[in-house]
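Predicted, not measured: the structure shown is a model, and the values here were computed from it. Below, chains carry the letters A, B, ... as their sequence lines are ordered, and counting in each starts from 1.
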There are 2 protein chains.
Amino acid sequence: MGDRHMGVTGSLEPCADQDYPDCGVRHLLDRLGDRWTVLVLAELSAGTRRFRELQRALPGISQRMLTLTVRRLERDGFVERTVYPSVPAQVTYELTARGGSLTRQVRHLVDWSAEHKDDLTASRREYDARRRNA
Amino acid sequence: MGDRHMGVTGSLEPCADQDYPDCGVRHLLDRLGDRWTVLVLAELSAGTRRFRELQRALPGISQRMLTLTVRRLERDGFVERTVYPSVPAQVTYELTARGGSLTRQVRHLVDWSAEHKDDLTASRREYDARRRNA
DNA sequence: CGGAATCCAGCGCGATACTG
DNA sequence: CAGTATCGCGCTGGATTCCG
């Protein structure tokens with residue numbers, strides 16, 4: 001039980017990296033945790049998109065955040081950016097194989113959260129109710 | 001291709017919730033995305049822990065953040081908090097079944113990121129190098 | 001069209017001090 | 001031991017402006 005190096009059914013193996021723990025999942029979760037990355041992945045998983053198309057598909061996103069989000073995805077090799085030297089400029093974004101792989105992982109999380117959504121909501125209401133009466 | 005409602009191998013199904021998209025994954029990723037939640041899950045997946053034990057196991061966490069993190073996990077029903085009315089007070093935390101389920105999901109992400117860590121690092125270096133020369 | 005640059009508000013989080 | 005309360009900084013992300 002004290003063994004932190006078990007298989008898939010075991011623990012998560014805590015890991016003390018220097019100055020920022022988590023062995024690299026941290027970087028991934030930093031991206032997935034931000035406001036738009038998952039939505040961009042979702043939209044791109046439906047096919048190649050131009051900048052404008054992404055923006056229209058993601059109501060509320062600012063130009064700045066869309067740029068930052070796709071840039072970071074491109075930097076990590078999740079998205080490929082293609083510039084067509086037309087006038088006006090035309091740029092398309094599409095998932096790479098790695099991006100598709102990540103998206104499928106994310107989908108598992110999405111499915112899991114969908115499965116447990118009602119339970120979570122109930123737990124929260126219960127907790128808040130108990131707190132108010134205390 | 002335009003179908004956003006495919007099966008597991010398909011897209012992520014973008015979803016326009018009101019005022020905050022993502023259909024509930026958002027709330028989950030908000031937690032997983034913060035600095036300490038995954039680390040706490042990791043530690044608790046190794047067994048029941050007292051407040052102090054968690055704090056010692058998570059170098060750098062402040063009392064405040066540990067409290068907030070376990071509170072939110074408790075609120076969502078991922079962690080059970082037990083108070084023993086001894087003097088001084090003694091409180092233990094342990095994963096619930098739901099918390100264990102979530103932790104296993106997280107583990108998949110951890111495994112995935114471990115698998116692709118080197119590729120990501122390489123992609124970033126490549127991207128940054130290209131940027132500097134441009 | 002597809003950005004980059006700048007300014008600014010919110011809040012996540014750390015540090016510190018106090019409590020049952 | 002296991003918290004709660006308060007303050008303050010940094011970073012994320014929104015709004016706006018300008019550019020090729």
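A distance of 9.5 Å separates CZ in A:Arg35 from CE in A:Met65, rounded to the nearest 0.5 Å. To the nearest 0.5 Å, atom OG1 of residue A:Thr69 and atom CG of residue A:Leu54 are 10.0 Å apart. Taking NE2 of B:His27 as the reference point, atom CZ of A:Arg124 lies at 6.0 Å (rounded to 0.5 Å). To the nearest 0.5 angstrom, B:Leu29 atom CG is 11.5 Å from B:Thr37 atom OG1.
For the pair A:Asp30 CG and D:dT12 P, the computed distance is 9 Å after rounding to whole Å. C:dA15 atom P lies 12 Å from atom CD of B:Gln55, rounded to whole Å. Rounded to whole Å, atom P of D:dG3 lies 11 Å from atom CD of B:Gln90. Between B:Glu53 atom CD and D:dG3 atom P there is a gap of 13 Å when expressed in whole angstrom units.
Dashed line: the shortest gap from a side-chain N or O of A:Tyr93 to OP1 or OP2 of C:dG3 is under 4.0 Å. In terms of phosphate contacts, B:Arg71 brings a side-chain nitrogen or oxygen within less than 4.0 Å of OP1 or OP2 of D:dT4. For A:Arg50, a side-chain nitrogen or oxygen approaches OP1 or OP2 of C:dG2 to under 4.0 Å.
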Under 4.0 Å protein heavy-atom contacts per nucleotide of nucleotides 13-20 of chain D, with B for base, S for backbone only and - for none: BBB-----
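A pairwise comparison of heavy atoms in B:Leu120 and A:Asp76 identifies CD2-O, 3.1 Å as the closest pair.
Side-chain atoms of A:Arg107 never come within 3.5 Å of backbone atoms of A:Leu102 as a donor-acceptor pair (strictly under, hydrogens ignored).
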